[in-house]
Colleague: 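Take this structure first; my questions come after.
If you're wondering where the values come from, they're calculated on a predicted model, not measured in any experiment. Numbers restart at 1 for each chain; the letters A, B, ... are given by sequence-line order, proteins then strands.
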Number of protein chains: 2
Amino acid sequence: MPRLTDARKELRRTQIAEAAMRCFSRSGLERTSIADITAESGLSPGSIYTHYRSKAELVQAAARRALSERAAVIDEWVASDAPPDPDELLARLVASKDPAAARVAVQTWGEATTDPAIRAIVVDMIERTRAMLRDCVTAWLVKVEHEKPAAARERAKPIAERVSALYLAQLLAAGLQSPTEETI
Amino acid sequence: MPRLTDARKELRRTQIAEAAMRCFSRSGLERTSIADITAESGLSPGSIYTHYRSKAELVQAAARRALSERAAVIDEWVASDAPPDPDELLARLVASKDPAAARVAVQTWGEATTDPAIRAIVVDMIERTRAMLRDCVTAWLVKVEHEKPAAARERAKPIAERVSALYLAQLLAAGLQSPTEETI
DNA sequence: GTCTATACGAAGATAGAC
DNA sequence: GTCTATCTTCGTATAGAC
């Protein structure tokens, strides 16, 4: 396995995916053409199609990116000595959101209603986030509220579900914000 | 003003809009073509374009329909002698939702992130629903909990906001349900 | 691997007969 | 008002040179 070549390939894939994300957040999943992405990335159609089989694959990559962005952050909170309480948890989630990513996230929800591949990604990402939130709430109950781990994990479930729901609603609100209002 | 002719025109518009809704819920806002809508409605492209200026207008009509469906129901609850408490309110909202309409609603959210006309409709509909929910919670506080109207209206605000958020999350969950799972 | 040029198909919208 | 037939544009994807 040629390591350096693979790294280079991955770099190009990332470059293309990031350009695509900017286009999607600006014009939407379906309204951005390959031509838009070539313009944004500075590459050519030929190059893009050597790294991604189809536009659908690019959309899937964007869906994963838009939805997984905050995964690493939550893991840190779980491991910390003083995990946030539910209200603080929600507040932090909301504060850490990037408007462009929020728009793409909401777009992927719409796409997921009719595209099975995107639906699988979206459902998986939402469930994984909910699981991490449950871990975080459990950690708070154990470390701060001094509950027993087993009981804490049970009690954490409905709380995490509510935090997840409120967070998704906030994500929608962020995605509906018009791009021109963003800098206010 | 020819009354009968106008009624007939409105009937055709409704017929087309309903066919479009079925197509949208099945294939998504962008993936359904005018040809799909002609097939579903039994009409021809020419006929459709005499009733709607463009496909965009059809999408806007669908957005309004998908989002306003439950407006009338809430109004009834507000006027009733025993308005539902917040938990019951949410449960009723969730129970009254139609899977196809939920899918189109989620699709319109995605579209709203980049299309100003759709965004205006979506934001307006969400705000109006929130206002109705506030009225409903206020009515409950006054009629069942016997609070004073002015204080009730204040207290109702944050409660209605939470019900609204949880409802939107449920709507998303419903929209993500795959159509084949619906009848289970 | 990356480019330019292009083939191919699809979709929105219209023209004109009835 | 509604139909059939079609015009035009645009977008995905590929071919082939470098």
Side-chain angles (χ1 to χ4, degrees), chain A residues 1-63 107 110-111 114-115 117-118, chain B residues 1-63 107 110-111 114-115 117-118:
Chain A
M1 282 283 188
R3 267 184 51 206
L4 224 138
T5 307
D6 277 12
R8 220 186 126 66
K9 270 185 87 161
E10 202 47 48
L11 211 68
R12 264 281 187 273
R13 279 177 66 89
T14 306
Q15 175 187 358
I16 293 167
E18 282 175 354
M21 278 283 283
R22 286 192 293 275
C23 292
F24 292 152
S25 83
R26 192 193 309 134
S27 320
L29 258 27
E30 316 267 349
R31 272 228 209 44
T32 76
S33 64
I34 298 294
D36 294 333
I37 299 172
T38 63
E40 182 74 30
S41 67
L43 296 171
S44 65
S47 179
I48 288 177
Y49 275 97
T50 61
H51 292 281
Y52 290 90
R53 239 183 268 278
S54 64
K55 188 190 164 185
E57 249 186 34
L58 263 163
V59 171
Q60 289 163 28
Q107 289 163 16
E111 201 65 12
T114 54
D115 179 330
I118 301 288
Chain B
M1 281 282 190
R3 268 184 51 204
L4 223 137
T5 307
D6 276 11
R8 218 186 129 65
K9 269 185 90 160
E10 202 47 47
L11 210 69
R12 264 279 187 274
R13 278 178 68 88
T14 305
Q15 175 188 358
I16 293 167
E18 282 176 354
M21 278 285 282
R22 286 191 294 274
C23 292
F24 292 151
S25 83
R26 190 193 310 134
S27 318
L29 257 27
E30 316 268 349
R31 274 231 210 37
T32 73
S33 64
I34 298 293
D36 294 333
I37 299 172
T38 60
E40 181 74 31
S41 66
L43 296 173
S44 65
S47 178
I48 287 178
Y49 276 95
T50 60
H51 292 281
Y52 289 91
R53 237 183 268 278
S54 64
K55 189 191 163 187
E57 250 186 34
L58 263 164
V59 171
Q60 289 164 27
Q107 290 164 14
E111 201 66 12
T114 54
D115 180 331
I118 301 288

Colleague: Expressed as a whole number of angstroms, how long is the span from A:I48:CD1 to C:dC3:C1'?
Modeller: 12 Å
Colleague: Using a 4.0 Å heavy-atom cut-off, write out nucleotides 12-18 of chain C from 5' to 3' as B (base contacted by protein), S (sugar-phosphate only) or - (no contact).
Modeller: SBB----
Colleague: Rounded off to whole Å, could you give me the CZ-to-P distance for the B:R8 and D:dG1 pair?
Modeller: 8 Å
Colleague: Give a yes or no on whether the backbone of A:V59 and the side-chain of A:Y52 come within a donor-acceptor separation of less than 3.5 Å.
Modeller: no
Colleague: Could you tell me how far apart B:L29 (CG) and C:dA11 (P) are, to the nearest whole angstrom?
Modeller: 15 Å
Colleague: The test is side chain to side chain contact (heavy atoms under 4.5 Å, CB included); show your working for A:L58 and A:I48 and say whether it passes.
Modeller: CA-CA 10 Å; A:L58 263 163; A:I48 288 177; 4.1 Å; yes
Colleague: Take A:T32 and A:E40 through the test side chain to side chain contact (heavy atoms under 4.5 Å, CB included) and record every step on the way to the result.
Modeller: CA-CA 11 Å; A:T32 76; A:E40 182 74 30; over 6 Å; no
Colleague: Atom CG of A:L58 and atom C1' of D:dT12: how far apart are they, to the nearest Å?
Modeller: 12 Å
Colleague: Whole angstroms only, please: what is the CZ-P distance between B:R31 and D:dG11?
Modeller: 16 Å
Colleague: What's the closest nucleotide to the side chain of B:S44 if the choices are C:dG1, D:dT4, C:dC3?
Modeller: D:dT4
Colleague: Decide yes or no on side chain to side chain contact (heavy atoms under 4.5 Å, CB included) for B:L43 and B:R12, but give the supporting numbers first.
Modeller: CA-CA 10 Å; B:L43 296 173; B:R12 264 279 187 274; 3.9 Å; yes
Colleague: So, do A:L11 and A:Q15 sit near enough that their side-chain heavy atoms are less than 4.5 Å apart?
Modeller: no
Colleague: D:dG1 P sits how many Å from B:Y52 OH, rounded?
Modeller: 13 Å
Colleague: List in chain and number order the residues that pass salt bridge (charged side-chain N to carboxylate O under 4.0 Å, His left out) with A:D36, two or more places apart in sequence or in another chain; answer none if no residue qualifies.
Modeller: none
Colleague: Out of curiosity, A:Y49 OH to A:T38 OG1, how far, rounded to the nearest 0.5 Å?
Modeller: 10.5 Å
Colleague: Identify which nucleotide among C:dG1, C:dC3, D:dT2 has an atom closest to any side-chain atom of A:T5, counting heavy atoms from C-beta outward.
Modeller: C:dG1
Colleague: Could you check whether B:E111 pairs with A:R31 (Lys NZ or Arg NE/NH1/NH2 to Asp/Glu carboxylate O, under 4.0 Å)?
Modeller: yes
Colleague: Does the side chain of A:T114 reach to within under 4.5 Å of the side chain of B:Q107, using non-hydrogen atoms?
Modeller: yes
Colleague: Could you check which residues of residues 10-24 of chain B get a heavy atom under 4.0 Å from DNA chain D? Sort them by number, please.
Modeller: B:R12
